[in-house]
2 protein chains.
Amino acid sequence: MARQIDPRILRTRNLIMEAFIELSMQMDFKDMTIKDITTSATVNRATFYNHFYDKYDLLEKVLSESIMREVIQEVSTHEVINEESIKSILLSIIRFQTSISNQCHRSYKAFTPQIETLFKNVLHASFSKWAHKQWPNQNNTDIEVFSVALSWALYGVAMHGMQNQQTEPEKYLQQLMPLIDTMNKEDAHQI
Amino acid sequence: MARQIDPRILRTRNLIMEAFIELSMQMDFKDMTIKDITTSATVNRATFYNHFYDKYDLLEKVLSESIMREVIQEVSTHEVINEESIKSILLSIIRFQTSISNQCHRSYKAFTPQIETLFKNVLHASFSKWAHKQWPNQNNTDIEVFSVALSWALYGVAMHGMQNQQTEPEKYLQQLMPLIDTMNKEDAHQI
DNA sequence: ACGCATCTATCGCTTAAACGACAGATTGCG
DNA sequence: CGCAATCTGTCGTTTAAGCGATAGATGCGT
């Protein structure tokens, strides 16, 4: 099963995605037409619709499969929730956002909502998984609520730190750690 | 007439040619298979034969249409045969050969015969054209013989200069100028 | 408001490229 | 040497992509 995919499909998909990344560095996403993308990709405009629903679908796939792949991968490799891992994730996100806002300064504003959604999904999923192992005595809903709170807080703090060019994350960590400490205490109680 | 060419043809052709250039920098031309080239180009092996007769046909087209295009263009822009233009052409050829032997050091040996043929054809054609204007009193065969002699001599001297890392072309120019001086004198006599 | 231009999304038809298979040639190793 | 593996060049068939036309949407200057 899962027969080999026709290489033309992969090639065309890559051509479109790479052309989109290239164009994102040159112009604003909102001014970008399908024609611009397909011309730059040396692909017919109609072919675009065999691969993507529209411009926004392309953006989402480029972000998750290409641009954000590395940082998502890095975030996912941690296994526990503690000061060290939170700090590392915080720095990864700040580094990524800084880099992308420099590379695609014209399109960055249009990208941020999608980036935000992807990051929060990944963070929530990871935190949830790790929390279940880390605090096995907590019930599901508590863990879900904690995961949501931590992921939103962490992401918000990362964005704030980036906008203020704050390179010292210790101050932000101080604000996040109480969330985790609470879980540690509660879990111990539940025994 | 001459309707637009299907863009797929151009794209596939470019993919193959660019993959070939890339591979030339990594491996020896003689060890390169069609499979190597088409795999690197993300193109089916059978498709190669829609565009090129064989590996050597591809080499010739890549040289004349891509790798050597700039230097051939530069050589062709001169209009007269004199010390200045000959010196300029000499230096262009030496620069090109040095560059290509560094970039494709593994394949360079296999390339030289094709490069030689292309250069001598271009030189002969250019010299012949310029000579007709420059010495209108000379008959055709004399001009053709002169053009052949000068192009072969120039190319030979350039190659020799390159192998000996000779960066002073004045010595080589001294050997070539008599050919031209003879034509100048003969042409004056013919009046 | 108007018309004109451009863009989007989709259609049927055409065509270049992918695929697998093939026989014959080369290569290289025991 | 022999034989196995790989490469070459060419088939017929299948399929992804190109093309031109289309209707509707969006936008922009007058």
Side-chain angles (χ1 to χ4, degrees), chain A residues 1-24 26-62 65-66 106-107 109-111 113-114, chain B residues 1-24 26-62 65-66 106-107 109-111 113-114:
Chain A
M1 62 279 280
R3 281 217 340 281
Q4 274 302 54
I5 301 173
D6 190 317
R8 282 175 291 185
I9 298 177
L10 299 174
R11 191 182 58 206
T12 299
R13 215 180 124 89
N14 280 335
L15 285 171
I16 293 173
M17 292 174 85
E18 279 166 27
F20 175 78
I21 293 173
E22 187 63 32
L23 274 183
S24 300
Q26 297 166 16
M27 66 190 297
D28 192 339
F29 176 77
K30 74 176 190 312
D31 300 327
M32 211 182 288
T33 68
I34 309 292
K35 186 97 195 75
D36 291 332
I37 298 166
T38 54
T39 299
S40 165
T42 64
V43 155
N44 190 275
R45 201 171 63 82
T47 305
F48 176 90
Y49 297 100
N50 295 341
H51 295 264
F52 305 99
Y53 182 75
D54 60 12
K55 208 169 62 159
Y56 303 93
D57 181 42
L58 170 61
L59 168 59
E60 188 191 311
K61 283 167 176 162
V62 166
E65 295 174 26
S66 170
R106 287 205 170 76
S107 292
K109 260 191 68 179
F111 287 4
Q114 303 273 8
Chain B
M1 62 284 282
R3 283 218 334 284
Q4 276 301 56
I5 301 172
D6 190 317
R8 284 174 292 186
I9 298 177
L10 300 174
R11 191 182 58 206
T12 299
R13 216 180 125 90
N14 279 336
L15 285 171
I16 293 173
M17 293 175 85
E18 279 166 27
F20 175 77
I21 293 174
E22 189 60 33
L23 274 182
S24 299
Q26 298 167 15
M27 66 190 298
D28 191 338
F29 176 77
K30 76 176 188 312
D31 299 327
M32 211 181 288
T33 68
I34 309 293
K35 187 98 194 73
D36 291 333
I37 299 166
T38 54
T39 299
S40 166
T42 65
V43 154
N44 191 275
R45 198 171 62 82
T47 305
F48 176 91
Y49 297 100
N50 295 342
H51 295 264
F52 306 98
Y53 182 76
D54 60 12
K55 206 168 64 158
Y56 304 93
D57 181 41
L58 170 61
L59 168 60
E60 189 192 310
K61 283 167 177 162
V62 166
E65 296 175 26
S66 171
R106 286 207 169 75
S107 293
K109 260 191 70 180
F111 287 4
Q114 302 273 8

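Since we're looking at a predicted model, the values are computed, not measured. Convention: sequence-line order gives letters A, B, ...; per-chain numbering from 1.
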Start with the C-alpha gap between A:L59 and A:F111, add the side-chain angles, then the distance that decides, and say whether side chain to side chain contact (heavy atoms under 4.5 Å, CB included) holds. CA-CA 8 Å; A:L59 168 59; A:F111 287 4; 3.4 Å; yes
Separation of D:dC19 C1' from B:I5 CD1 (nearest whole Å):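 In whole Å, D:dC19 C1' lies 16 Å from B:I5 CD1.
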Separation of A:L10 atom CG from D:dA16 atom P, in whole Å?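 Distance check: A:L10 CG to D:dA16 P gives 12 Å.
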When we call it a touch if two heavy atoms are under 4.0 Å apart, what does A:T38 touch: a base, just sugar-phosphate, or nothing?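 No contact.
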For a quick check of understanding: with a heavy-atom distance under 4.0 Å over all strands, which category does A:R13 fall into, base, sugar-phosphate or nothing?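 A:R13: no heavy atom of the nucleic acid under 4.0 Å.
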For A:D6, side chain to side chain contact (heavy atoms under 4.5 Å, CB included) partners two or more places apart: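 A:D6 satisfies side chain to side chain contact (heavy atoms under 4.5 Å, CB included) with A:R8, A:I9 once adjacent residues are dropped.
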Qualifying residues under side chain to side chain contact (heavy atoms under 4.5 Å, CB included), relative to A:E60, sequence neighbours excluded: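 With neighbours one apart ignored, the set is A:Q114.
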According to the side-chain hydrogen bond (donor to acceptor under 3.5 Å, both in side chains) rule, which pairs have a member within residues 38-54 of chain B, sequence neighbours left out?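 Residue pairs with at least one partner in residues 38-54 of chain B: B:K35-B:T39.
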So which heavy atom on A:S107 is nearest to which on A:F29, and how close?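 So the minimum-distance heavy-atom pair works out to OG-N, 2.9 Å.
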Does anything in residues 45-61 of chain A come within less than 4.0 Å of DNA chain D? Heavy atoms only, and list the residues if so.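 Residues of residues 45-61 of chain A under 4.0 Å from DNA chain D: A:A46, A:T47, A:H51.
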Got a sec? Which of residues 27-36 of chain B come in under 4.0 Å of DNA chain D, heavy atoms?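 Contacts with DNA chain D under 4.0 Å: B:T33, B:I34, B:K35.
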Are A:N44 and D:dA17 close enough that a side-chain N or O sits under 4.0 Å from OP1 or OP2?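 It does not, given that no N or O in the side chain of A:N44 lies less than 4.0 Å from OP1 or OP2 of D:dA17.
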Could you give the start and end, 5' to 3', of the contact zone on DNA chain C for chain B, using atoms under 4.0 Å from its heavy atoms?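 Here the contact window of chain B covers C:dT15 to C:dC19.
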From B:K55 NZ over to B:I37 CD1, what is the distance, rounded to the nearest 0.5 angstrom?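 Answer rounded to 0.5 Å: 7.0 Å.
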CZ on B:R11 to CG on A:L15, rounded to 0.5 Å: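 The CZ atom of B:R11 is 6.0 Å from CG of A:L15, to the nearest 0.5 Å.
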Full working for side chain to side chain contact (heavy atoms under 4.5 Å, CB included) between A:S24 and A:M32: CA-CA 8 Å; A:S24 300; A:M32 211 182 288; 4.0 Å; yes
Test side chain to side chain contact (heavy atoms under 4.5 Å, CB included) applied to B:T33 and B:D36, step by step: CA-CA 5 Å; B:T33 68; B:D36 291 333; 3.2 Å; yes
Report the C-alpha distance between B:R13 and B:F52 in whole Å, list the side-chain angles of each, state the deciding distance to 0.1 Å, and finish with yes or no for side chain to side chain contact (heavy atoms under 4.5 Å, CB included). CA-CA 9 Å; B:R13 216 180 125 90; B:F52 306 98; 3.9 Å; yes
